[in-house]
Amino acid sequence: MAQGSEHRYDFSAIERKWQKKWEQEATYRVEERSDKEKYYVLEMFPYPSGRIHMGHVRNYTIGDVVARYKRLRGYNVLHPMGWDAFGLPAENAAIKHNTHPAVWTLSNIDYMRDQLKLLGFSYDWSRELATCLPEYYRWEQRLFIEMYEKGLVYQKITTVNWCESCQTVLANEQVVDDACWRCDLPVVQRSMSGWFFRITDYAEELLDELDNLSGWPEKVITMQRNWIGKSTGLHCEFPIVDSELSLAIFTTRPDTIFGVTFMSIACEHPLLDELISGSEYEQAVRAFVEKTTTEKIRRNLSEEPEKEGVFTGRYCINPFTNEQIPIYVANFVLIEYGTGAVMAVPAHDQRDFEFARKYQLPIRAVITEDGNTIDTDQMDEARTEPGILTQSGHFDGIDSITAQHRIVAHAQEKNFGRAQVTYRLRDWGISRQRYWGAPIPMIHCPSCGVVPAALEELPITLPDDEPHSKSDCAPLSQRPDFIATTCPRCQEPARRETDTMDTFVESSWYFARFACPLSKEPLDTQQADYWLPVDQYIGGIEHAILHLLYARFFTKVLRDLGYINVSEPFANLLTQGMVIKDGAKMSKSKGNVVDPDDLLSQYGADTVRLFSLFAAPPEKDLEWNDQGVEGAHRFLNRLYRAITICVQKVAEDEVVETTDVSDRIIHRKMHQTIKKVQSDIEANFHFNTAISAIMELFNLTSEERTTHRFSRPALRQCYQTILVLLYPMVPHFCSEMWHLLGNTTELEQQTWPEYDDEAAREELLTIVAQVCGKVRSRLQVPAGISDDTLQEMVLADANVQRFIDNKPIRKVIVVKNKLVNVVV
RNA sequence: GCGAGAGUGGCGGAAUUGGUAGACGCGCUGGUCUUAGGAACCAGUAUCUGAUGAUGUGUGGGUUCGAGUCCCUCCUCUCGCACCA
């Protein structure tokens, strides 16, 4: 190794040199300009957890290649980086180390910024932002208030998982075995007021515009479409017997409404109390509700509990049949969806069927294949397909689809129902009872009620001193200094809102702030209009739904608030695969974590980047392989030595006896490579095949010693091209080699080489000769050969003759420039 | 259960519109140079076979002169959704 080191390039000196130069010269700083087309490439910004992991390395390497490539292609490229810096880990670390979350977070950011710089990513660091800083979240608070004034923000009471000991709300995934994940004490259900964004107002647009996102993976679009979950159907009122009230239901199958035999409502249904209080059924129902709610928290999400329910003792009336329908409370009815009440049609819905069989409720089939009645006793499952109506009054004989429309129309006419669209998507609850988040800028005044903070008062900042100790987990609500304020309307003493915002809020608009990081408004419209939308967004598939949906929602809100003029934030989306090792996701517990710092000191950034790109196409998982990294490093060293030798020989003015043929070979391969690399990048960012093409070209140059003799200028030109093609992936190395070859300009100023189709064309083709579809021979022929001549040559070939074996030739198929198949 | 995607050497992965399967890299084998080599370089490397040849892209079938690629059957794996009325 010691002796061999002279054959190895000094990556650490080279990388340091170029990183320093890029930093000093602010090479990647950009501004809006009219003479160049803009290109905005963005990678999902990281949570500053402490150090960069291999997933980041991969993600940001891909983004950097795109950025550098697009610059060579003449674009004005915006490539920013920042920090998704609010969140629970900082709070936990603060409790553990008895410091302020800001201290932990900011020092993590410093460390990770250095790591990113060591990797040589071409960010415009002047635009860096951290969401935990008041200079960022003040604008978010402003947007919150503007959204509030537009009616897009509201408060409502919801049931939440509550930990008494921690005095905080827990997300479902923080409830482990019915207990708090942190203190292990039991979790209770509690009604709490929380703040919500009215994302459902945008449900239709969020759904519609999915069709225009041609640059997004189909998988992500499908996931979002399912998440929004639009369905159309009938909203219908069933009057309750002995009451002024009626029970509202939503159904997507109005054609089955004559088959209703009972009604199921959710445990949390608002009318339930009224239906049962004082009745003989009350006790049993309440017991059932209690049992169901506790089971709901405890239950393993992967299994579906058996359908259960209990009769409420009350009836409602099917307005279509005027029949009395018993009302049940059932464990499978969701309060969050539709109206929280379901008309049960056991013959045509599997859940209702199971429920009816269990409690021996009647089953009435009203949809059959031919419109004849069937014996429901014989059914062993619900019949859910559409068909012809029967036992449905004057709708008999009509097909399901037509009947759906007519039944809705009928309900509308008679005034007990209407057509309705229902979404699975629910409003976005953004309240968090946490310390390390952006404070919600609202004030509770005893006389004026809920009032937004005055804009001049923003930012509402978090207290500077340490947030809390272990015994005191309810952060802002326990800080009299934070809470105390005056009402902006009546100037009387009032209380600040103590909830902070979901951290998804920060990441919902950071991409727009990058366009105008210093703006004294939430956004500078002119700058944002220039840069938005993001042309290429790159990140993990794990954000396919929430982050991307929220960002799309915010973009539309920002548009409607007049800040920007685009409706969609990300024109193209690339979801890269995970980095795995030994077939599994890297994790401390598995002991298969690769530390980027170790790799950087051992091989340098260029090698790490090269391997990350070479080992797999970006959308697939990448299997990390130490020997593969070694291989990538070897390739760079080989290239280094070849160029060094070439430079020496040029300096010595070595004359090589060359032939035009050899030079033409390398010239041709060079143009083929440019074409291949360019199309691999443009089509789908398949850097792995682009790199392998460059390796092939380089392998050809090193055949010099054995097969070919290339002239110095030809060889030099070839190396030059290799350096430009490789530059986006391996920028320090290529910049250095570029100078070594005697260039005085910088690679950054280079333009991507033009390929020449004419020069790339092969002169000699290898034609495959088949007999009956089996390869029997290969022929070298000149490119322009006619089919007839080719056919003659193939038939004359000795091996082909041997397999024809004097049998009569039935047919000869000639595929231009490819093959000839002789069928006998 | 529903939906989507994927199954190619020892490994990561390549293969326009159906037209040379295994590019490129790793690993492995042999060699050269060396005191040595885990360096560098050269040669080889799907399987079976003495070569000629035969077989080969998860399984079984089909279309075709020709199928990794198109159609059908089944198997396996991964991901997403999972009582959404």
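Residue numbers begin at 1 in each chain, while the letters A, B, ... track the order of the sequences.
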Is the Lys NZ or Arg CZ of A:Lys230 less than 6.0 Å from the centre of A:Tyr423's six-membered ring, within 45° of the axis? no
Measure up the A:Tyr719 and A:Phe698 rings against each other and bin them: parallel (under 30°), tilted (30 to 60°), perpendicular (over 60°). tilted
Exactly one of A:Thr256, A:Ile257, A:Val366, A:Ile407 should register a side-chain contact (heavy atoms from CB on, under 4.5 Å) with A:Leu389. Which one does? A:Ile407
Given B:C83, B:A82, B:G80, identify the nucleotide with an atom nearest to the side chain of A:Lys307. B:C83
Nearest to the side chain of A:Asn821, which nucleotide is it out of B:G19, B:C83, B:A39? B:G19
Do A:Gln780 and A:Thr766 have a side chain donor and acceptor closer than 3.5 Å? yes
Is there a Watson-Crick or G-U wobble partner for B:C28 with both distances under 3.5 Å, and which nucleotide is it? B:G44
Determine, stepwise, if the pair A:Phe733 / A:Tyr640 fulfils ring pair (Phe, Tyr, Trp, His ring centres under 6.0 Å). CA-CA 9 Å; A:Phe733 176 88; A:Tyr640 165 76; 7.1 Å; no
Going 5' to 3' through nucleotides 23-31 of chain B, assign each nucleotide B (protein heavy atom under 4.0 Å from a base atom), S (under 4.0 Å only from sugar-phosphate atoms) or - (no protein heavy atom that close). BBSSS----
May I ask you to say what A:Val823 touches in the nucleic acid, namely base, sugar-phosphate or nothing, with a heavy-atom cut-off under 4.0 Å? sugar-phosphate
Partner nucleotide of B:U34 by Watson-Crick or wobble geometry (both distances under 3.5 Å): none
Which value, in whole Å, describes the distance between the C1' atoms of nucleotides B:C83 and B:C75? 30 Å
Looking at A:Phe332, does the NZ or CZ of A:Arg351 lie under 6.0 angstrom from its six-membered ring centre and within 45 degrees of the ring axis? no
Reading RNA chain B from 5' onward, which residue's closest nucleotide shows up sooner: A:Glu623 or A:Asp352? A:Glu623
Just to be sure I understand the rule, does A:Asp621 reach a base, reach only the sugar-phosphate, or reach nothing, if contact means heavy atoms closer than 4.0 Å? sugar-phosphate
Distance below 4.0 Å between A:Lys774 side-chain N/O and B:U55 OP1 or OP2: yes
Taking everything shown except A:Lys585 itself, do over 12 heavy atoms lie less than 6.0 Å from its NZ? no
Centre-to-centre under 6.0 Å for A:Trp428 and A:Phe196, is that the case here? no
Please work out if A:Val333 contacts a base, only the sugar-phosphate, or nothing of the nucleic acid, heavy-atom cut-off 4.0 Å. base
Under 4.0 angstrom, heavy atoms only, what part of the nucleic acid is A:Gln350 near: base, sugar-phosphate, or nothing? nothing
Pull out every residue in residues 227-235 of chain A that has a heavy atom closer than 4.0 Å to any atom of RNA chain B, ordered by number, or say none. A:Ser231
Taking the side chain as everything from C-beta on, heavy atoms only, tell me whether A:Pro618 gets closer than 4.5 Å to A:Leu574. yes
Could you run through nucleotides 44-53 of chain B and give me one letter per nucleotide, 5' to 3': B if any protein heavy atom sits under 4.0 Å from the base, S if only the sugar-phosphate is that close, - if neither? --------SS
Nearest of B:C84, B:A21, B:A85 to any side-chain atom of A:Arg424? B:C84
For the CD atom of A:Gln224 and the CD1 atom of A:Ile221, what is their distance to the nearest 0.5 Å? 8.0 Å
With A:Met729 as reference, evaluate A:Leu613, A:Asp606, A:Thr61 under the side-chain contact (heavy atoms from CB on, under 4.5 Å) test and give the passing residue. A:Leu613
Using atom CG of A:Leu425 as one end and atom C1' of B:C81 as the other, report the distance to the nearest whole Å. 15 Å
Can a side chain N or O of A:Lys811 be found less than 4.0 Å away from OP1 or OP2 on B:C65? yes
Ignoring hydrogens and geometry beyond distance, is a side-chain donor-acceptor pair present between A:Asn637 and A:Arg634 at under 3.5 Å? no
